Amino acid sequence: MVVLAAFFPQFTQNQYYLGVAFQAEMLMCLALGLNIVVGYAGLLDLGFAAFFAIGAYTTGILSTKEHWSILASIAPGVVIAVICALIIGFPTLRLRSDYLAVVTLGFGEIIQTIAINLNQTGGPTGIYAIPAFSIGSIVVNSNAGYYYVFLILVIIFALFSTRLRYSRLGRAWLCIREDEDAAKAMGINISHYKLYAYMFGAVLGSITGSLYAPALTAISPASFGFSESLLIVMAVAIGGLGSVWGVMFGAAVVEIFPEVFRQFAQARLLIFGILLVFLMVMRPRGLFPERAFQGLGARLRSRFFKSIDPAALIVSDGVKTSGPRAEEP
Amino acid sequence: MKALELEEISVYYGPVRGVENVTLDVEEGEIVALLGANGAGKSTLLKAISGIIHQKQGIIKFFGEDFHRMSPHRRVVGGLVHVPEGRRIFTALTIGENLELGAYGTKTGRVERSERLSEVLAMFPFLKEHFKRLAGTLSGGEQQVLAIARAMMSNPKVLMIDEPSLGLDPQKIDIVYDLLQEVAAIGTTVLLVEQNVKLALEIAARAYVLQQGSVVLSGVSSSLINDPRLSDAYLGKAADGDH
Amino acid sequence: MTAVLEIEHLTLRFGGVNALNDLSLQIDQKALHAVIGPNGAGKTSFFNCLTGYYRPTSGVARFQGSDITGLGAAKVAALGIRRTFQNIRVFPKMSVLENVLAGGHLRATANLLSITVGGPGFRQSERELHKEAMASLEFVGLADQFNNLAGDLPYGMRKRMELARVLIANPIVVLLDEPAAGVSSVEREELSRVIRRIHDNGTCVVMIEHDVDLVMEIATEVTVLDHGRIIASGLPEEVRNDAEVIRAYMGRDRK
Amino acid sequence: MSLLLNELGNGIFLGAFFGLIALGYSMVYGILRLINFAHGDFFMVAAFVSYTVLGAVMVGHSHTHWFTVVWVGLLVMVLTGGLATLANQLVYRPMRRAAILSMMIAAIGLSQVLENGVLVTPGWGATYLVYPVTTPPSGFYVGSNHFTWGQLIIVVISGLLGLGVYLLVGRTLLGKAMRAVSEDQTAAVLMGINVDLVIAIVFFIGGALAGAAAVMTGVYYGQINYLMGFTVGLEAFTAAVLGGIGNIGGAVIGGLILGIVQSIGTGLFGAEWAIVVAFAALVLMLWFRPTGILGERVARRM
């Protein structure tokens, strides 16, 4: 699949297709970031686009006004995003998670409002003439080029998400999602780990934003509103909460579906909403929840921890049972 | 006339057995006790009868009528009331409001409801004194009294009550059991779940003993009370110690 | 005699009700201590007070000499007091192995940096933990179930998995809330053997159990609670023949 | 001083709207623990429905018949209540056992359906529509501040509706059943309460109140838009949380406080910062009193 994706620009020179494709990749990146918060830790974040905006605006401002290189501007974006995640997360993570949904939603609105109303952010028109992304002498200035940049980013994020998922961090998040009381009994500090989830989500969102700015060369507040946050939530919810593959699939559907049905114009979002509701009623955990891709995920994982093969650790002289024993020793 | 008939009732919680193949019956006007240690399936059985959990198989008849497809709130309207374990009174409502809700299902008019209310309050004078108090401020014993009174508001044919003595001190237990006898005296059939064997057998005519989800013993109270198998069901078989 | 847990005058009040009433008790490090008593006696409340899920109204609980009253549940767990739950609390959407790994959360040494950026520390720590987890699963006889979802396991196996999840943490004290409730007689044998082995390894076991046969079989000390008070305490045989205990279980005559 | 009085008056006026919509959020949350994100859109749909109905009945009339507005308002209340109930029956009721997260996502989906549904409906669409009826500018002075009769009437109607709900929930048998269901659904079933019916009624009442707020919004502001539900819904929910969600009195008080805070904030910083002020108030509130002004602390038990 990766190979297929790698050669996609070779098959088509159609800029429209390439544009849609890299938008889809971008949404995958964002969805992978949100998946850490919603899918792993089970916290509904409805203002995720705020972190996307923070990355995009930091890069936009630094590269146009201060003439920083795009690559260098990623770091300050990440720092600001993490600080924002702490500020908004710290007071609210103690609360019931449904309150968090509202507070994050408000945070998203606040960030957008700030972007619209400050001079530094260019007001409603935003920032334009953002320079191209470059590493050394390689300058990326075509749709195909950004297609590859985002392809690499998707792969990095997917691997990173998988790594987090199968670390003590990921396990702690899942425990919190499944049962907070039992998680405490494992010695997991609930509020710390919720904050971590929130911070990691912010980092991925912000990096995506930093690369989005040069890809479009212009950014404006309209791209970072609630509807963008909503698209990301939908990608995660449709694909399957917590599943890296599912989330990427969901992002592709969310981006491509409305494009395919473009001739229905406005009705496509209506149909989309109906499908989302229908999906949640029928499959509340999404199309491909975790472990639906068990085979693939397990293989990826064993590649990851080459030397850790639990099956090889079964010692034959252990107390091995599965079901009733024939007789007592 | 049989008030309740259960035939081969089985209930599972996912993979976990609740009760298995339980058959029992309760005559109209009778007090019958369900005994057994914790986890034996007594509460599960009551929940299946009142319909708040689904039985996997078996038939439940209420005065000869099959209850199978009837939703739980309609069973209450039909005259079968269940006072659950832990009383489950509405703590944020006043005593009076709790009582009024007890008559919710029986679609009587306002006048009849207030008549019924004064009847019940006459039976439970304590509640009359504290009519406007929040139910959450009552002590355990008082809450149990309220739960019984609330159940009586609908003038039930059958009252099922789960562990009325739970967490109460001895005087309160006496009060609650006196009340249960009064309730039975006015013709209400009572199905009583109780851990406290002596207490239950004192007021019940008959009893069924559950162990691990099945009926292991049943009979009239006077003969059960001296049956050694009854104490086995609680304190284990090894009465002489086998170490 | 070294008391690992010292409980002094522990009282817990809910609304107007005393769930625990002036409980004082010492539990020896070498003990397999059973807490029994009729439904509603306050046994689970007692566990919840010890493990930081409830804050007692008054009284003190000490663990290895230091005060743990009012510490949060995660902190108590970190000290080495681990528990199981009455209605088993597994993480249903995680695999059996991962459930157990989660139990070893605090033993994994990888820090945020090595998890995110990489380095040998992470892989090393994960490998160690996986080994430990498989060993714990073997200990309870579930090694071959490691890749199944915890939510798909039958009840008895979930109970054993919960034990493995406790064991991987190398706890000093384990509190088991009704380990044998609702399991078949075959599984019960399995559980009782596992509990005894945990105890033989030097871990202090405190268990709430209704199966008096099991208690008589494996416990070294028994405490009987009724209405939030201790009504008897001592060796299993003593407690069993105590008139008050029989009364608490069988009830008393009225008036 | 006079400026403050003016902001206070505007705040109460704004708060009346917030409070009405907040009631719907609060009641549904109280009973299902669900943040019904679609609630603001019930309000929006109600505005469009009333626009069309009023437009139809006003044809040929040169001046406004307020009696007509009232009965159209009542009709719209019933229709919006019906819409909310229908949403419950079709979406939330089948999801009663699903995770609350999935329910909230379904609610967001429903909100999208309603917004885009209005967007594609012929005659409605994306542009601002001019409401067929508006309140006259005549009014009265308090000191040097001018308030219109329309504002006063709207505050009074909102107050009466709020009082009605308060009495319904507090005094009637149905209201007691609602509180019983919100505390303990199983115990409520054991009282013979039809829990599904009670939940449906709660949705109906919440929807009806949103319907009333919609007609008054249209009449007062004179224009409606398919996105109007979103912001107002957000603010109303904030109001519900401020007051202590699940609490009837709290919703009204939270609405008033938010209205006043926002109106003063707007006076100080400008209208574009209104939503920032609202959320800053919310976050501050959650810092210091996580359960809201009237919310009680839920006992921490396992």
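Note that the structure is predicted; figures quoted are calculated from it, not measured. Chain identifiers are assigned alphabetically (A, B, ...) following the order of the sequence lines, protein sequences preceding nucleic acid strands; residue numbering begins at 1 within each chain. Side chains included, hydrogens not; waters and symmetry mates left out as well; all remaining heavy atoms used.
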Residue, of A:Ala182, A:Gly170, A:Cys175, A:Ala172, that accumulates the most heavy atom pairs under 4.5 Å with chain C: A:Cys175
Chain A interface, residue from C:Arg165, C:Glu187, C:Glu162 that has the most non-hydrogen pairs under 4.5 Å: C:Arg165
Closest heavy-atom pair and its distance - C:Phe91, A:Ala183: CZ-N, 3.8 Å
Salt bridge (Lys or Arg N to Asp or Glu O under 4.0 Å) against A:Arg177, all qualifying residues, sequence neighbours excluded: A:Glu290
Note: C:Arg89-A:Glu180 ion pair, threshold 4.0 Å (strictly below): no
CG on A:Asp179 to NZ on C:Lys93, rounded to 0.5 Å: 13.0 Å
Engaged part of C:Leu129 at the chain A interface, taking heavy atoms whose separation is under 4.5 Å: side chain
Derivation and outcome, side chain to side chain contact (heavy atoms under 4.5 Å, CB included), residues A:Asp181 and C:Tyr53: CA-CA 8 Å; A:Asp181 273 321; C:Tyr53 285 87; 3.4 Å; yes
Residues of residues 60-75 of chain C contacting chain A, heavy-atom criterion under 4.5 Å, by residue number: C:Ala73, C:Ala74
Shortest non-hydrogen contact between C:Ala77 and A:Lys184, atoms and distance: CB-O, 3.8 Å
Shortest non-hydrogen contact from C:Arg82 toward A:Ala185: CD-O, 3.4 Å
Any residue meeting ring-ring contact (aromatic ring centres under 6.0 Å, His included) with A:Tyr193, in chain and number order, not counting sequence neighbours: A:Tyr196, C:His105
Expected output: side-chain C:Glu98 to main-chain A:Arg171 donor-acceptor under 3.5 Å: no
Under 4.5 Å from a heavy atom of chain A, the part of C:Ala102 involved: both
Under the ring-ring contact (aromatic ring centres under 6.0 Å, His included) test, residues paired with C:Phe46 that sit two or more places apart: none
Rounded distance (nearest 0.5 Å) linking atom CE of A:Met186 with atom CD1 of C:Ile168: 10.5 Å
Heavy-atom side-chain proximity of C:Phe122 to A:Arg163 below 4.5 angstrom: yes
Shortest non-hydrogen contact between A:Tyr166 and C:Glu126, atoms and distance: O-OE1, 3.5 Å
Test log, rule side chain to side chain contact (heavy atoms under 4.5 Å, CB included), inputs A:Arg168 and C:Ser125: CA-CA 10 Å; A:Arg168 64 193 292 245; C:Ser125 139; 5.6 Å; no
